[in-house]
Amino acid sequence: MTPADRITELRELIRYHEERYYLHDAPEISDAEFDALMRELRELEAAHPELVTPDSPTQRVGGRPVDTFPTVTHRAPMLSLDNAYSEDELRAFDERVRRGLGANGPDGAIDYVAELKIDGLSIALTYEHGRLVRGATRGDGERGEDVTSNVRTIRTIPLGLRHGAPQQPFEVRGEIYLPLAAFERTNREREAEDEPPFANPRNAAAGTIRQLDPRQVARRGLRAWMYQVVGVDGVSTHAESLRLLQQWGLPVEPHWKALRGVEEVLEFCRHWQEARERLPYETDGVVVKVNEYALRERLGATSKFPRWAVAYKFPAQQAITTIRSIARQVGRTGAVTPVAVLEPVLLAGSTIGMATLHNADEIARKDIREGDRVIIEKGGDVIPKVVRVVDPDRPGRSAPWTMPETCPSCGSRLVRPEGEVVWRCERSSCPARLRRTIEHFASRAAMDIEGLGAAIVDQLVEQGLVRDVADLYALTADQLESLVVDPREPRSDRARPRKLGKVGRNLYEQIDRSRGNPLWRLVHGLGIRHVGQRAAEVLARHFGSLDALASAGEEDLQRVPDIGPVVARSVRSWFEDPQNRDLVERLASRGVRTTATEEERRPAGAGLLAGKTFVLTGTLERMTREEATAAIERLGGKVTGSVSRKTSYVVVGADPGSKADKAAALGVETLDEAAFLRLIMPS
Ligand code: IVH
């Protein structure tokens, strides 16, 4: 290959991976691998300057904000931190600090503050007269993106500070992150919508803050911890600044500690290396900072890092085990993904039996084969991954793994569309796909058929009772009552196959009840690619019936607000498939409602709850607080934190706080969860 050819190839690869990372927040390669591609391109271009073109990825300044958010210049550059990867490197940092200050010997112990390093993305908030006026991402450190409207949706970031906070403009910096529970919920939702899950909470947070629709941001449940003030006089230590931030009402991660000397710092790091498993958010290390501002001043900074702080990174948790086999999973849309079935091994406190292998290309690149001893790692990612083969030169290895050409479930031939890495089973009646399709149809966000769990779906498909979702509506109560189901994971010896009995009767009633569901539930349940709950709501409201939706052309669809070309094309091609049209007909003939009521068609947002203010208290069963807030705001209402006479409704969940009492005292109307749901989802 000539250098010119390789340069072209590298540019294409880099653009592809940049897109995966920046646009889709679903990177396929690690940062280090990406950097290696960039480095190779830079070196080649340096050797052949005549081949450099203005559109080469090397000609772009790294980390520049995308066009969609205005650019803002930070009042002082947002520096990054130097890393320490071992206790020795941390001791070396302490020595540099002491040497820099001329504080040698055991008496020269430095006062540090140690904080957990939160794995999210940094944010700078500007307050003026105690009001939040701007939120900006770090960007390249000099300039970031103005994401104020998204930052305002983060419930732990106060829009107004408490009394005593500075009136003059100042900035606070900190980290935005997604708590693990919200991260897991987001990924479950994404999988249900057949979108690729985020690899880790950091990617999920980064992807979320760049969303253009603040309502979607609000739903995700981002959080923030603040750790630095800029532009406030009269503060002389870091510990003091953290206390002030907290006093002003800003969120400060509570586990920080003032420590004397490096040994105490090491103790703190060792403690959190273990204890971090119990936190509801992810931390990837400890940030160690010199406490006294005067000393910081004397130490100064390099062009990139302050000399008075360091990030101690926890070692990635790794284990060695053997790959028993390489299995394949089939998703609802037929995507077939390889997974490594492992000899069970303990890693980071849990037993691991599976690891992702992403796709066939990845397996080939790492040359992973069945029977290999491999290193697996749980880094920032939730699902462990295979890092590399321990002994690739071992004699007697099995043959290189290739993707079998047929579907593991139905045996039909797999296809791999041009330019894609994913192999697909295209048979819509494939049992594995069918199981996933039915699970999605019955899910809470779609037809909401309670009790139709995975074990029952397996049986219905296996016995040929259900060949598509319309068949659910032909099942009789008798059939369901006498269905024999194998418990999926026997928890005790007594968990034997059992008849459904009364459970089957209840399920029958649930299925029957779902016939009358609002149209958007059905539209969502059909599992049309790229049509999530929101798109389904919009489509149901706009077209009012499945018939009208089925006969809408691509252009009609695109004219609907919030519906883009990808969704339009996908809807069109779904309804063009005769099998799908037949499915719709059979659903209708079995009594499933395929039209929207007047209520359902009423324009949302435009004010069903306009002018109404809500206060939420206690735990809701059917939705998170963020979801409830998003629903209220979508309908034009507002959510506030405290009850007053002006509050329209107080929504009372389980274990309510004093707000429920206050509502009663002030005579404000309260709604239990059911009443609230009726209000926000009429019909
Ligand atoms: S202090 C000049 N404190 O880690 C000091 N950073 O690897 C700037 N981070 O860009 C940072 N938790 O996004 C600091 N308690 C903490 C932190 C923290 C997370 C992030 C931050 C920074 C990155 C550096």
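Predicted, not measured: the structure shown is a model, and the values here were computed from it. Whatever order the structure lists ligands and atoms in, that order sets their numbers, starting from 1.
Checked against a 3.5 angstrom limit, the closest N/O atoms of Lys289 and ligand 1 fall inside it. Considering backbone and side-chain N/O atoms, Trp308 never comes within less than 3.5 Å of an N/O atom of ligand 1. For Gln228, no nitrogen or oxygen atom sits less than 3.5 Å from a nitrogen or oxygen atom of ligand 1, counting backbone and side chain alike. Between Pro306 and ligand 1, not a single N/O pair is under 3.5 Å apart. Taking only nitrogen or oxygen atoms, main chain and side chain alike, Ser80 does not reach within less than 3.5 Å of ligand 1. Annotation: Lys117 places an N or O atom under 3.5 Å from an N or O atom of ligand 1; distance criterion only.
Under the ring-ring contact (aromatic ring centres under 6.0 Å, His included) criterion, Trp248 pairs with Phe170, not counting sequence neighbours. The side-chain contact (heavy atoms from CB on, under 4.5 Å) test applied to Thr629 returns Arg155, Leu616, Glu633, Val639, not counting sequence neighbours.
Between His238 and Trp256, the ring center distance fails the sub-6.0 Å criterion.
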Side chain to side chain donor-acceptor pair (under 3.5 Å) evaluation trace for Asp146 with Thr148: CA-CA 6 Å; Asp146 185 332; Thr148 310; 2.5 Å; yes

Criterion side chain to side chain donor-acceptor pair (under 3.5 Å) on Tyr227 and Glu175, from CA distance to verdict: CA-CA 8 Å; Tyr227 47 66; Glu175 200 80 355; 3.0 Å; yes

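Between Arg270 and Glu267, at least one side-chain N (NZ, or NE/NH1/NH2) sits under 4.0 Å from a carboxylate O, which counts as a salt bridge. Taking 4.0 Å as the cut-off between side-chain N and carboxylate O, Arg220 and Glu189 do not count as a salt-bridged pair. Comment: Arg188 does not engage Glu184 in a salt bridge, judged by the lack of any side-chain N to carboxylate O separation of less than 4.0 angstrom.
At a heavy-atom cutoff of 4.0 Å, ligand 1 is contacted by both the backbone and the side chain of Leu81.
With respect to atom 22 (C) of ligand 1, the closest heavy atom belonging to the protein is Tyr227 OH, 4.2 Å. In this structure, the protein non-hydrogen atom closest to atom 8 (C) of ligand 1 is Leu79 O, 3.8 Å. Nearest protein heavy-atom contact of atom 20 (C) of ligand 1 is Glu175 OE1, 3.3 Å.
When Ile176, Thr156, Ile123 are each tested for a side chain to side chain contact (heavy atoms under 4.5 Å, CB included) with Met226, only one passes: Ile123.
For ligand 1, the atoms closer than 4.0 angstrom to any heavy atom of Glu115 are 3 (N), 15 (N), 16 (C). Of all atoms in ligand 1, numbered sequentially from 1 with element shown, those under 4.0 Å from a heavy atom of Ile118 are 12 (N), 19 (C). Near Ser122, meaning under 4.0 Å from any of its heavy atoms, are these atoms of ligand 1: 10 (O), 13 (O). Within the listing of ligand 1, atoms 12 (N), 15 (N) sit less than 4.0 angstrom from a heavy atom of Leu116.
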